[in-house]
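Labels below follow one simple rule: chain letters A, B, ... track the order of the sequence lines, proteins then strands, and each chain is numbered from 1.
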Amino acid sequence: MTESYATATPAGGPIPGPVRVRFAPSPTGTLHVGSARTALYNYLFARHLGGSYILRVEDTDVARSSLEHEQSILVDLAWLGLQWDEGPDIGGDHGPYRQSERSEAGIYRLAAERLLNESKAYYCFCSQERLEQLKTETLARGDMPKYDRCCAAIPPDEAAARVAAGEPATIRFRVPDTAIEVTDIIHGRTDFSSEVIGDFIILRSDGGVSYNFAVVVDDIAMEITHVIRGEDHLTNAARQVLVFQAFGHEPPAWAHHSLIMGPDGGKLSKRHGATSVGEFRRMGYLPSAIINYLALLSWSPGGEREKLAKEEMVAEFELQRVSKSPAIFDIQKLNWLNGLHIRDLAREEFHLALAPFIGDAGSGVTPGREGAKASEATPGRDAAAALGVTPGQLAVAEAAVQTSLVTLADANGQILEFFTATPLAVSVDAASPDEESVAAELGEEGSAAVLEMASARLEELPAAAELTAGTVDEAVDKARALIKQWKKSCKEADIPPKRLFRTLRIALTGRGSGPELPFMLAGLGRDSIRERLEAAKPYAK
RNA sequence: GCCCCCAUCGUCUAGUGGCCUAGGACACCGCCCUUUCACGGCGGCGGCGGGGAUUCGAAUUCCCCUGGGGGUACCA
């Protein structure tokens, strides 16, 4: 009921047919989180209304565009789960979906000629030097730079003759003297005067189409009903409304969302840290967390929920609930959400998501949250083998760290430590101040008794070879039960529970902190535990 | 310079004239749980940029200022 915009033009007239939106990236770089958010809003809007979400590649800037960039953008988009209904790779009824191909097909040339014939456009023979000078002069005078219509009055016959003779020319749009109204779903109505808009170029002298023209021609051809994009395009909308009118076509409904800023309030850029989706992927962020976070930057669902799955966002997304003000990218909140999404993963999903980050991918390094080297993943490698443990052991370690991760990349260090934490004997000899104080704790009264007690019942724990991914819970439960019994025995022997836990942890790992003890006991394996316990005995009291 | 947009805790936001001594979340700080860390629970800190106007009553409407952002290309 609040979705009347779906079936109505800004003016109130009905838009025939279903909702069609497009995400139109320019393949001049990798997918930026800001663009990803635009894609996300388009996706959510279309899915919410059962419409179509189209991917159109705006590669008319030949010098800066590349197929490699296009590829990586498609990969990142798909990785985020924002699958499109029509696009350059899968086709559709309104193709081609690459502007370079549309240009080759003569689509823009033809459209420009139509305007030429109707006198809504004209050839311009001004040199770039003259244009440059004109701009400088206008700026010096304190006015808005704007083409002076030097060539607007050239008779069409004469112009055509000059073009035929080979004189380089651009085609300019003849901006009518009129008030322009842009009605935006997010912003409401904005008025522009065509006075501030100069006759802009629609076809370059090299035959290439320019942005403001290509967009309109394509949006008409592709039957786009809603244009959802960044606010940096708001003033472009004024120009584009004019072109729509020149073609006698009703403009689509507009929705210009705010831009993402860096922590210092400036436009989000590399100096603020990671900005591309690919970087976040390599740092160990989950796609579900990224789109959740991106959606929340500007949009909020009705209630007070923060963690949302894609399906929930689709069900509730509404453009009128998108905020008008710019949003600052806050990595802390992304971190928080990423942790929540990681904890939501089923064991198997988690294992799969983790694979590229375990073993070789980061061996030797424990990437910190901040300065994480965006190490390239090596998914082909078998993670357990790389660590020298059984798949079952790895499964236990994964289960142990799942609740404490911020990013997937953090797992490598934690899992590595799970298996390779320096046992006490070595630790004491190394005697770094930190380890020394931990080792000293082993001298506490009762530790010897604890070690004896533990050694005596190790058979109740699974051996490393017996563990499988499917028996993780079983193994951990066994360890829990055993600990419970040890606890009981300690009580009888008048040994405080704390002594039990501390002694075992230190004997097993040489550290004062780490994963929960039941997981350590289950994952390390019977033999390894026995060895470490024995090694600790000489130091216990 | 000119045009356009925006303005609630440090950050993301709820809030569309009285329900607001402004709600939630991240971060931060305490406490609890706990062998540690994390998770979880409880509590705290903290905000309507400034000035006018309309109104019985304004975070909510209007104007001005200030601040921030965007645009001003033969880039998109």
Distance, rounded to the nearest Å, where [X] contributes [atom1] and [N] contributes [atom2]:
| X | N | atom1 | atom2 | result |
| --- | --- | --- | --- | --- |
| A:H187 | B:rC4 | NE2 | P | 14 Å |
| A:I186 | B:rG70 | CD1 | C1' | 15 Å |
| A:L259 | B:rC12 | CG | P | 14 Å |
| A:R22 | B:rA76 | CZ | P | 14 Å |
| A:R343 | B:rC39 | CZ | P | 6 Å |
| A:I202 | B:rA76 | CD1 | P | 13 Å |
| A:K307 | B:rG24 | NZ | P | 20 Å |
| A:Q240 | B:rC4 | CD | C1' | 15 Å |

Mind checking the [atom1] distance from [N] to [M]? Whole angstroms is fine.
| N | M | atom1 | answer |
| --- | --- | --- | --- |
| B:rU60 | B:rG49 | P | 8 Å |
| B:rG50 | B:rC37 | C1' | 47 Å |
| B:rU61 | B:rA38 | C1' | 49 Å |
| B:rA76 | B:rC63 | P | 36 Å |
| B:rC65 | B:rC9 | C1' | 24 Å |
| B:rU8 | B:rA59 | C1' | 7 Å |
| B:rA58 | B:rC12 | C1' | 25 Å |
| B:rG71 | B:rG46 | P | 38 Å |

Ignoring backbone atoms, establish whether [X] has a side-chain N or O less than 4.0 Å from OP1 or OP2 of [N].
| X | N | value |
| --- | --- | --- |
| A:R321 | B:rG15 | yes |
| A:S298 | B:rC12 | no |
| A:R204 | B:rA76 | yes |
| A:S404 | B:rC39 | no |
| A:H233 | B:rA76 | no |

G-U wobble or Watson-Crick pairing nucleotide for [N] (cut-off 3.5 Å, both distances):
| N | value |
| --- | --- |
| B:rU54 | none |
| B:rA59 | none |
| B:rG1 | B:rU72 |
| B:rG10 | B:rC26 |

Apply the test side chain to side chain contact (heavy atoms under 4.5 Å, CB included) to residues A:R347 and A:V472: give CA-CA distance (whole Å), side-chain angles for both, the deciding distance (0.1 Å), then the verdict.
CA-CA 10 Å; A:R347 288 270 169 80; A:V472 170; 3.8 Å; yes

Choosing from [options], which nucleotide comes nearest the side chain of [X]?
| X | options | result |
| --- | --- | --- |
| A:D61 | B:rG24, B:rA7, B:rC75 | B:rC75 |
| A:F192 | B:rC75, B:rC4, B:rG71 | B:rC4 |
| A:A327 | B:rU13, B:rA76, B:rU35 | B:rU13 |
| A:P145 | B:rC4, B:rG1, B:rA25 | B:rG1 |
| A:K333 | B:rC26, B:rA7, B:rU36 | B:rC26 |

So what does [X] hit on the nucleic acid, given a heavy-atom distance under 4.0 Å: a base, only sugar-phosphate, or nothing?
| X | answer |
| --- | --- |
| A:T60 | sugar-phosphate |
| A:S205 | base |
| A:T190 | sugar-phosphate |
| A:D59 | nothing |
| A:L517 | base |
| A:C126 | base |
| A:R499 | nothing |
| A:E58 | sugar-phosphate |
| A:Q332 | sugar-phosphate |
| A:R239 | sugar-phosphate |
| A:P326 | sugar-phosphate |
| A:I328 | sugar-phosphate |

Does a distance-only test, which skips hydrogens and angles, find a donor-acceptor pair under 3.5 Å between the side chain of A:D330 and the base of B:rA27?
no

Check whether the side chain of A:T235 and the base of B:rC3 form a donor-acceptor pair under 3.5 Å.
no

Out of the candidates A:F357, A:W336, A:F280, A:Y293, only one should pair with A:Y285 under the ring-ring contact (aromatic ring centres under 6.0 Å, His included) rule; please name it.
A:F280

Would A:E70 and A:R98 pass as an ion pair if we require N to O under 4.0 Å?
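Result for this pair is yes, salt bridge flagged.
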
For A:A24 and for A:E304, find the nucleotide of RNA chain B with the closest heavy atom, then tell me which residue's nucleotide is more 5'.
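By nearest-heavy-atom nucleotide position, the 5'-most residue is A:E304.
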
Of the options A:K120, A:R174, A:R149, A:R239, which is the one that meets A:D199 in a salt bridge (charged side-chain N to carboxylate O under 4.0 Å, His left out)?
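Only match with A:D199 under salt bridge (charged side-chain N to carboxylate O under 4.0 Å, His left out): A:R149.
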
Please tell me whether A:H341 and A:F350 form a close aromatic pair, meaning their ring centres lie under 6.0 Å apart.
no

Base of B:rU35 and ring of A:F501 stacked, centres under 5.5 Å, planes under 30°:
yes

Distance-only polar pair, side chains of A:D59 and A:S100, donor-acceptor under 3.5 Å
yes

Sorted by number, the residues of residues 261-271 of chain A with heavy-atom contact under 4.0 Å to RNA chain B:
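Within this stretch, A:M261, A:G265, A:K267 sit under 4.0 Å of the strand.
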
List the residues meeting side chain to side chain contact (heavy atoms under 4.5 Å, CB included) with A:L259, not counting sequence neighbours, and say none if there are none.
A:E231, A:D232, A:M261

Where does the angle between the aromatic ring planes of A:F317 and A:Y41 fall among parallel (under 30°), tilted (30 to 60°) and perpendicular (over 60°)?
tilted

Within a strict 4.5 Å, meaning less than it, do heavy atoms of the A:K324 and A:S258 side chains meet?
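A side-chain contact under 4.5 Å is absent here.
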
Just how far is it from atom CG of A:N292 to atom CG of A:L40, taken to the nearest 0.5 Å?
9.5 Å

Can A:R162 be said to sit on top of A:F125's aromatic six-ring, NZ or CZ under 6.0 Å from centre and within 45° of the ring axis?
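Positive - A:R162 is close enough to the ring of A:F125 and near enough to its axis.
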
Checking A:T509 against A:M520 for the side chain to side chain contact (heavy atoms under 4.5 Å, CB included) test, could you report, in this order, the C-alpha distance in whole Å, the side-chain angles of both residues, the deciding distance, and whether it holds?
CA-CA 9 Å; A:T509 70; A:M520 300 286 320; 3.4 Å; yes

